[in-house]
Number of protein chains: 2
Amino acid sequence: MKKDAEEWINRYVDAYMVVTRQINARLRDIFGEGLTSDQFLILRLIAGQEKCTSTYLAEAVAVGKSSITAIINRLDEAGMIERTRDENDRRQVYLTMTEHGKSVYSTSEKQMQEVISPYLFHFEDHDIERFITMFEKLAFLMQEPGGRNN
Amino acid sequence: MKKDAEEWINRYVDAYMVVTRQINARLRDIFGEGLTSDQFLILRLIAGQEKCTSTYLAEAVAVGKSSITAIINRLDEAGMIERTRDENDRRQVYLTMTEHGKSVYSTSEKQMQEVISPYLFHFEDHDIERFITMFEKLAFLMQEPGGRNN
DNA sequence: AATAATAGTTCACGTGTAGAACAGTTTCAC
DNA sequence: GTGAAACTGTTCTACACGTGAACTATTATT
């Protein structure tokens with residue numbers, strides 16, 4: 001354990017709590033009825049992945065597959081995504097956005113940009129770059145071991 | 001809007017998604033039945049605040065007061081906190097941890113340290129310091145405007 | 001004294017999560 | 001080939017957390 005680990009972790013958790021909860025609250029407000037912030041993240045992952053499956057999503061958001069089924073069902077009922085079975089391996093179900101889904105996602109993405117971008121003006125460009133690079137490295141490290149069943 | 005804002009925000013959101021979900025998953029695993037990660041954050045806020053009220057918690061976690069009531073009820077039923085009415089202003093209810101609550105919180109805090117601290121070894125001390133300082137500044141900015149009603 | 005504002009609760013409803021049981025499809029060992 | 005094992009996704013039940021509106025009780029205002 002590093003010398004200052006305890007203090008760092010406490011400071012990190014306090015900041016993390018504020019930032020994530022505040023961003024979430026703002027996203028809830030602007031997305032409104034149309035979309036939850038979790039649904040937005042799922043659409044984002046579907047958008048960024050050829051042949052996206054439930055298993056992939058479950059690992060990406062570190063959650064059981066049954067949770068993914070629930071979210072996907074709601075997005076399906078809302079007409080935002082479609083399920084397609086792979087003809088070669090009929091166990092696999094690929095998830096793709098419908099035109100409506102793409103439209104909702106694109107609008108939400110712009111709204112998110114508008115919510116977050118004002119904060120960037122309080123920081124120097126190279127500090128932002130360093131901060132994000134570090135965050136990405138942390139994300140990479142955390143994604144590595146992977147492994148969560150059901 | 002800054003020149004690179006869009007790219008930065010996309011990168012931030014992608015990293016943020018991975019890090020928060022992974023940390024949450026790990027906390028779910030180690031806390032087990034005893035405590036949810038949201039309950040842990042509430043206990044943390046109660047621990048760090050003299051005369052903690054529901055209104056304070058609602059603002060701190062950017063959530064309606066009725067959500068706080070629900071969480072507090074569960075912590076109360078589990079014997080982790082106590083409610084005390086202010087005798088001067090009987091509308092106010094102060095929240096304090098019981099001995100049992102303190103014990104659970106303290107254990108959970110240690111477990112959280114153990115989950116997060118290994119990642120620190122992958123970074124230079126001064127990078128960690130800069131990263132956290134920046135995160136704290138962001139948290140400060142986001143807390144400012146405040147304001148969320150029930 | 002009547003009216004406003006404030007603090008907290010209750011209720012009904014939607015969403016996200018876990019975990020166990022299940023169905024349908026490969027894949028593998030023999 | 002055939003039977004067992006592994007894998008993908010779904011269903012079901014139970015619970016935590018979020019909202020917003022309506023409510024109670026208390027204090028402040030005018």
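In what follows, every chain begins at residue 1, and chains take the letters A, B, ... in the order their sequences are listed.
- Taking a cutoff of 4.0 Å between a charged side-chain nitrogen and a carboxylate oxygen, A/R44 and B/D14 qualify as a salt bridge.
- Using a 4.0 Å heavy-atom distance criterion, B/I68 is classed as making no nucleic acid contact.
- For C/dT25, the base has no donor-acceptor partner in the side chain of A/R90 [N/O atoms by modelled type, under 3.5 angstrom].
- The partner of C/dA21 is D/dT10, judged by Watson-Crick or G-U wobble contacts that both fall below 3.5 Å.
- Taking atom CG on A/D38 and atom P on C/dT17, their separation rounds to 5 Å, with Å as the unit.
- Rounded to whole Å, the distance from CG on A/D29 to C1' on D/dG20 is 13 Å.
- Counting only heavy atoms from C-beta on, A/T55 has its side chain closest to D/dG9 among D/dG9, C/dG8, C/dG24.
- Here D/dG9 presents its P atom at 12 Å from CD1 of A/I81, a figure rounded to the nearest Å.
- Within 4.0 Å (heavy atoms only), B/N88 reaches sugar-phosphate atoms of the nucleic acid but no base atom.
- Under the 4.5 Å side-chain criterion, counting only non-hydrogen atoms from C-beta, A/I71 is not in contact with A/T36.
- Between A/T69 and the phosphate of D/dT11, there is no side-chain N or O to OP1/OP2 separation shorter than 4.0 Å.
- Of the nucleotides present, none pairs with C/dA4 by Watson-Crick or G-U wobble criteria with both distances under 3.5 Å.
- A donor-acceptor contact under 3.5 Å links the side chain of A/S66 to the base of C/dG19.
- Between C/dG16 and A/R74, a contact under 4.0 Å exists linking OP1 or OP2 to a side-chain N or O.
- Among the heavy atoms of the strands lying under 4.0 Å from B/T36 are primed sugar atoms or P, OP1, OP2 only; no base atom is included.
- Distances shown here put a side-chain N or O of B/Q39 below 4.0 Å from the OP1 or OP2 atom of D/dC17.
- Residue A/A70 is classed as a base contact, given a heavy-atom separation below 4.0 Å to a base.
- A continuous path of hydrophobic side-chain contacts links B/L45 to B/M97 [ILVMFWY only; heavy atoms under 4.5 Å].
- Distance CD1 (A/I71) to C1' (D/dG9): 15 Å, rounded to an integer number of Å.
- Within the structure, a side-chain polar atom (N or O) of B/S67 is placed less than 4.0 Å from OP1 or OP2 of D/dT19.
- Atom CG of B/L57 is separated from atom P of C/dA7 by 13 Å (rounded to the nearest Å).
- Regarding A/K65, its NZ atom lies at a distance of 17 Å from the P atom of C/dC22, rounded to whole Å.
- Nearest-nucleotide mapping onto DNA chain C: of B/E33 and A/S37, the residue sitting toward the 5' end is A/S37.
- Under 4.0 angstrom from either OP1 or OP2 of D/dT10 there lies at least one side-chain N or O belonging to A/R83.
- C/dA4 takes the syn form, because its glycosidic angle lies no more than 90° either side of 0.
- Within 4.0 Å (heavy atoms only), A/N24 reaches no atom of the nucleic acid at all.
- Donor-acceptor pairing under 3.5 Å is recorded for the side chains of A/K110 and A/S106.
- For D/dG18, neither phosphate oxygen OP1 nor OP2 lies less than 4.0 angstrom from any side-chain nitrogen or oxygen of A/R28.
- In terms of hydrophobic clustering, with Ile, Leu, Val, Met, Phe, Trp and Tyr side chains grouped at heavy-atom distances under 4.5 Å, A/L75 and A/L57 are assigned to a common cluster.
- Panel note: side chain B/K137, backbone A/F123; no donor-acceptor pair is recorded below 3.5 Å.
- Residues B/I68 and B/I42 share a closest heavy-atom pair of CD1-CD1, 4.2 Å.
- Within 4.0 Å (heavy atoms only), B/R21 reaches sugar-phosphate atoms of the nucleic acid but no base atom.
- Contact between the side-chain N/O atoms of B/R91 and the OP1/OP2 oxygens of C/dT9 is not found at any separation under 4.0 Å.
- Going from atom CG of A/D76 over to atom C1' of C/dT15 covers 16 Å, rounded to whole Å.
- In this structure, B/L35 places its CG atom 9 Å from P of D/dC17, rounding to the nearest Å.
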